[in-house]
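Structure first, commentary second.
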Amino acid sequence: MKKISIYLKEYSNQFLYQKVGFLLENIYSTSILSEDFFEFCLSHIGKSCRYLTSDYKKGSFNKKWNLIIPDPIYYSKNGELPNEII
């Protein structure tokens, strides 16, 4: 994760810290990524609330990352949505 931290610092973009932190936290457990990495991301997100994607304007608010997450993301598998959501 050292390389990711370096790239995040180079881009110095609050939204990028939010997205990367949220996505990696939902993909990897803290046994793979340290809690320090997520704290590093959280310390750079600022106060702005943003949408994870521009495709969806509705979703669930994730208070920790200050992101609006489209509801279908929680139901998708391998990038495909189930038929009942489409």
Side-chain angles (χ1 to χ4, degrees):
M1 289 294 109
K2 189 174 181 177
K3 283 187 179 184
I4 291 177
S5 299
I6 291 169
Y7 292 132
L8 286 170
K9 286 180 188 176
E10 288 231 1
Y11 281 98
S12 186
N13 181 308
Q14 292 177 350
F15 186 36
L16 197 54
Y17 283 101
Q18 283 173 292
K19 284 178 121 174
V20 168
F22 170 78
L23 292 171
L24 290 180
E25 183 179 63
N26 285 279
I27 293 172
Y28 297 107
S29 67
T30 52
S31 62
I32 296 173
L33 295 175
S34 72
E35 190 62 40
D36 291 340
F37 173 76
F38 296 113
E39 290 299 323
F40 165 75
C41 289
L42 284 169
S43 70
H44 290 85
I45 66 171
K47 297 180 181 180
S48 298
C49 177
R50 296 180 172 93
Y51 291 90
L52 181 65
T53 67
S54 60
D55 299 347
Y56 292 95
K57 296 298 180 194
K58 294 182 181 179
S60 302
F61 178 65
N62 182 291
K63 186 176 181 179
K64 180 177 182 178
W65 294 104
N66 216 13
L67 284 170
I68 308 248
I69 311 301
D71 291 331
I73 198 169
Y74 292 114
Y75 303 109
S76 66
K77 181 178 178 185
N78 299 326
E80 297 178 14
L81 297 176
N83 291 332
E84 59 268 11
I85 293 180
I86 297 176

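Worth knowing before you read on, the calculation uses all heavy atoms, side chains too, and leaves out hydrogens, waters and symmetry mates.
- Note that CZ of Phe22 is 5.5 Å distant from CG of Asn62, once rounded to the nearest 0.5 Å.
- The aromatic rings of Tyr17 and Phe40 sit perpendicular to each other, their planes meeting at more than 60°, with 30° as the lower class boundary.
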All N/O donor-acceptor pairs, side-chain side in residues 6-13, below 3.5 Å, sequence neighbours left out:
{"residue": "Asn13", "atom": "OD1", "partner": "Phe15", "partner atom": "N", "Å": "2.8"}
{"residue": "Asn13", "atom": "OD1", "partner": "Leu16", "partner atom": "N", "Å": "3.0"}

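- Across every non-hydrogen atom of Gly21 and Phe38, the tightest pair is O-CE2, 3.7 Å.
- Closest approach of Cys41 to Ile45, counting heavy atoms only: O-CG2, 3.2 Å.
- Taken to the nearest 0.5 Å, the NZ atom of Lys64 stands 13.0 Å off from the CD atom of Gln18.
- Annotation: the span from Phe37 atom CZ to Leu42 atom CG amounts to 10.0 Å, rounded to 0.5 Å.
- Atom CG of Leu67 sits about 10.5 Å away from atom OG of Ser48, to the nearest 0.5 Å.
- Of all the heavy atoms in Gln14 and His44, the pair that sits closest is CG-O, 3.3 Å.
- For the pair Tyr51 and Ile69, the minimum side-chain heavy-atom distance is 4.5 Å or more.
- Side-chain contact check for Lys19 versus Leu52: some heavy-atom pair is nearer than 4.5 Å.
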